[in-house]
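See structure below.
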Number of protein chains: 2
Amino acid sequence: MLSQSVENFVKAVYSLQKSDEWVGTSRLANALGQRPASVTNMAQKLAKSEDGLLIYQAYKGVKLTETGTSVALEVIRHHRLIELYLSKQLGVPWDKVHDEAEKLEHVISEDLEDRMAAALEDPTIDPHGAPIPTKDGHVAPRPSVPLASVEPGHVVEVVEVNDHDAQLLRYLGELDLYPGNRFSVLGRESFGQSISIERDGKPTSLGEEAVPHIFVTVIGEIEKKKDPE
Amino acid sequence: MLSQSVENFVKAVYSLQKSDEWVGTSRLANALGQRPASVTNMAQKLAKSEDGLLIYQAYKGVKLTETGTSVALEVIRHHRLIELYLSKQLGVPWDKVHDEAEKLEHVISEDLEDRMAAALEDPTIDPHGAPIPTKDGHVAPRPSVPLASVEPGHVVEVVEVNDHDAQLLRYLGELDLYPGNRFSVLGRESFGQSISIERDGKPTSLGEEAVPHIFVTVIGEIEKKKDPE
DNA sequence: TAAATTGTTTAGCCAAGACTAAATATTGCA
DNA sequence: TGCAATATTTAGTCTTGGCTAAACAATTTA
């Protein structure tokens, strides 16, 4: 049985390891809220273990093996299923589900996982728009681009938002910017990353704190319907 | 934040502490699946701590304070709510809910507890017939007697069964001996604690493993309905 | 290309929570 | 009442998983 620390470690490696680069100890330490020395320790321990979850090279960092990857995906599946279950079946607000899932993901049985998935009819995305890995470790890729990269004048649909920051989620919730919803990108503010948008007829300025955590697909150009002056 | 070890410790003390006697380290060790020395350690640590969960006297044992009692009741409320939730909302069989709840009870938030309770419409007993403590720490007493103490010739109703032994629960499930169900006590077997019973017209011998874990109320005398020979 | 900066590892420490073995207290019984 | 049996505590050890401070490697920059 893997400890919660190990599960969290592997999960962190997975989510930092875009492509198949090495993941450095500092980035991991940052993601885990720990000190780099602690990460080095754990990395060395896991690399030496028979579990074969990852490989470690001094001063390079860490890379998941096949085994490690599927462990990570299992934990992430737990996490996202739990988030969705809490949200849909128990009405937990979307800014709270992450923290709750963070604890529950390590203690539910496979059987319980299956039952939750069945109750939700084998869902594929979680409340923040992130894909739920399948039991056999497949992740459906969801095309999206950072909101910051969208040129003004386009209508976009929210694909996914970062689930880590509860305050951000409450803010987005107030603006009704849930995955699946659409809004128009009107323009960039003069300074910083802020963007002015229009959702449901209401124009707003989207704070620069929020922009980097929103991923969208471009639906099309803005159409000027009425007000043809 | 109390650790899981501490929560389990306090819970164990609570459930062994009928009346207000001291609870000895051996009994605790036995209940916790640990060695007596480990229990002494923990008892001394907790007694010295500022949390004030319990008092400890060398060679006597341990006794919960008010605070300790309400912590225990909180954990037990979690446990039993979770058991019932899993059973009713997710169809987890009653011999599995205990182990699952044992892990979940330490990680759910108060908010989640409230939501589960609401979804179940503020239930008062769990799948094994045990009372669910209220949020303010009240336990509705449920009058019952050990099945072993019932004289043959009576109809009884199952009030509560011990939830610790999954095998026992499967056995009782096969016999349909769920809390709320009734059966007749026909007689005692010549040796051991076995009892012959009749449930739903079907006579059975109830193994001596099972008898001490069943608690009932006496409903009345057996009436010979048909077969008046 | 050498020095300064930055990032990583090593070494040693700590707390929690379990264990065993040995010492000590309590209890039960002759 | 005193000794044997039983229960409890003490003392010391181990593992896990974190930390800090100091040493060391790699990278950046003058």
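Proteins come first, then strands; the chains are lettered A, B, ... in the order of their sequence lines, and each starts at number 1.
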Apply salt bridge (Lys or Arg N to Asp or Glu O under 4.0 Å) to A:Arg77 and A:Glu113, showing your working.
-> CA-CA 9 Å; A:Arg77 175 173 165 83; A:Glu113 174 200 306; 2.6 Å; yes
May I ask you to decide if [Y]'s main-chain N or O and [X]'s side chain share a donor-acceptor pair within less than 3.5 Å?
X        : Y        : value
A:Arg142 : A:Gly129 : yes
B:Thr65  : B:Gly52  : yes
A:Arg80  : A:Pro131 : yes

Would you check, one step at a time, whether the test side-chain contact (heavy atoms from CB on, under 4.5 Å) holds for B:Ser144 with B:Glu160?
-> CA-CA 8 Å; B:Ser144 74; B:Glu160 184 174 343; 5.6 Å; no
Within residues 35-50 of chain A, residues whose heavy atoms come under 4.0 Å of DNA chain C =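 Under 4.0 Å from DNA chain C: A:Pro36, A:Ala37, A:Thr40, A:Gln44.
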Give one of base, sugar-phosphate or nothing for B:Tyr56, where a contact means two heavy atoms less than 4.0 Å apart.
->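 Sugar-phosphate, backbone atoms only, no base.
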Using a 4.5 Å cut-off on heavy atoms from C-beta on, say whether the side chain of A:Lys11 contacts that of A:Glu74.
->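 Heavy-atom side-chain distance check fails, nothing below 4.5 Å.
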In the 5'-to-3' direction, what one-character label does each nucleotide of nucleotides 22-27 of chain C receive under the scheme B = base within less than 4.0 Å of a protein heavy atom, S = sugar-phosphate only, - = no such atom?
-> --BSS-
Would you say A:Ser5 reaches D:dT16's phosphate, i.e. side-chain N/O to OP1/OP2 under 4.0 Å?
->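 For A:Ser5, the contact criterion (side-chain N or O under 4.0 Å from OP1 or OP2 of D:dT16) is not met.
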Any side-chain N or O of A:Thr25 under 4.0 Å from OP1/OP2 of C:dG7?
->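 No, outside the criterion.
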Length of the line joining [X]:[atom1] and [N]:[atom2], which is rounded to integer Å:
X       : N      : atom1 : atom2 : value
B:Gln34 : C:dA16 : CD    : C1'   : 12 Å
A:Met1  : D:dT16 : CE    : P     : 15 Å
B:Gln4  : C:dA18 : CD    : P     : 11 Å
B:Lys60 : D:dT9  : NZ    : P     : 12 Å
A:Leu2  : D:dT16 : CG    : P     : 13 Å
B:Asn30 : D:dA7  : CG    : P     : 11 Å
A:Leu28 : C:dT9  : CG    : C1'   : 15 Å

Closest non-hydrogen atom pair between B:Leu206 and B:Ile214, with its separation |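 Closest approach of B:Leu206 to B:Ile214, heavy atoms only: CD2-CD1, 3.8 Å.
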Under 4.0 Å between a Lys/Arg side-chain N and an Asp/Glu carboxylate O for B:Asp99 and B:Lys103?
->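 A salt bridge is absent here (no side-chain N lies under 4.0 Å from a carboxylate O).
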Under the salt bridge (Lys or Arg N to Asp or Glu O under 4.0 Å) test, which residues partner B:Asp114, sequence neighbours left out?
->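 Scan of B:Asp114 (salt bridge (Lys or Arg N to Asp or Glu O under 4.0 Å), adjacent residues dropped) gives B:Lys135.
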